[in-house]
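The first residue of the sequence shown is numbered 1, and numbering continues consecutively from there. As the structure is a computational prediction, the values presented were derived from the model and not from experiment.
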Amino acid sequence: MAASPDTLIQVRPARSADRAALNALRDEVTSVLRRIYLPVRGGAPHRRIMPRFDVLVAWMSGELAGTLEYTLAHETLYLQGLGVSDRFRGRGVARALINHVADIARRYPLSHMELCTIRETGNVPVFEKMGFAVCDERPSTQFVGAAGQGVSEVIMQRCLN
């Protein structure tokens, strides 16, 4: 388990005992995102076929503060499902999760990590502060804005070297 001494964030793989807290966190984070964008109704989802994702959790002050899913596929470490509880935002939880998974990625001969985000969430600058750069942007075919407007999917990468 990795801990950041200045903020006491503990990052580790999720355990079965984390299930209830993890489900509650995912519900909290998803409800915030659904105010910004929604899955396209009736649309056939276009997804890459990937192996299962491993799940990391970040604990702080005895509470589940955040989570991140990752998988190694196609010689890239893919990230998804980064979520931080509103109570712990701005305290380094997302950075601790990203840095922990970057340490995992460095064990393999990988040059970068990759994620996809929706521009309208405001997360692009957050990921840029954590070392990610935009490498592609396109109108989403999987999601629309909460009022039915178009949204943009942004592919971002962070070099590991």
Under 3.5 Å donor-acceptor, Arg158 side chain and Met130 backbone: yes

Pair listing, side chain to side chain donor-acceptor pair (under 3.5 Å) test, anchored in residues 119-128, at least two apart: Arg119-Glu137, Thr121-Asn123

Pairwise distance CZ(Arg52) to OG1(Thr71) - rounded to 0.5 angstrom: 8.0 Å

Spacing of Gln142 atom CD and Ile118 atom CD1 [to the nearest 0.5 Å]: 8.0 Å

Nearest-0.5 Å distance that lies between atom CG in Leu77 and atom CD1 in Ile104: 8.0 Å

Check: Ala96 main-chain N/O paired with Asn99 side-chain donor or acceptor under 3.5 Å: no

Closest non-hydrogen atom pair, Leu97 against Gly66: CD1-C, 3.8 Å

Arg34 charged N/C atom sitting above Tyr37 aromatic ring, 6.0 Å / 45°: yes

Polar side-chain atom of Ser31 near backbone of Glu28 as donor-acceptor pair, under 3.5 Å: yes

ring-ring contact (aromatic ring centres under 6.0 Å, His included) against Tyr70, all qualifying residues, sequence neighbours excluded: none

Atom pair CG (Leu64) and CG (Leu25), whose distance is rounded to the nearest 0.5 Å: 5.0 Å

Distance (rounded to the nearest 0.5 Å) between Cys159 SG and Leu110 CG: 12.0 Å

Shortest non-hydrogen contact between Leu160 and Arg106, atoms and distance: O-NE, 3.3 Å

Main-chain N/O of Val151 paired to Ser140 side chain as donor or acceptor, under 3.5 Å: no

Verdict with supporting geometry, Asp86 and Arg89, salt bridge (charged side-chain N to carboxylate O under 4.0 Å, His left out): CA-CA 5 Å; Asp86 195 44; Arg89 291 214 174 121; 3.5 Å; yes

Backbone N/O of Lys129 and side chain of Arg95: donor-acceptor pair under 3.5 Å: yes

Interatomic distance, Thr67 atom OG1 to Arg26 atom CZ [nearest 0.5 angstrom]: 5.5 Å

Side-chain donor-acceptor contact under 3.5 Å, Thr76 with Glu114: no

Check: Ser85 side chain, Phe88 main-chain N or O, donor-acceptor pair, under 3.5 Å: no

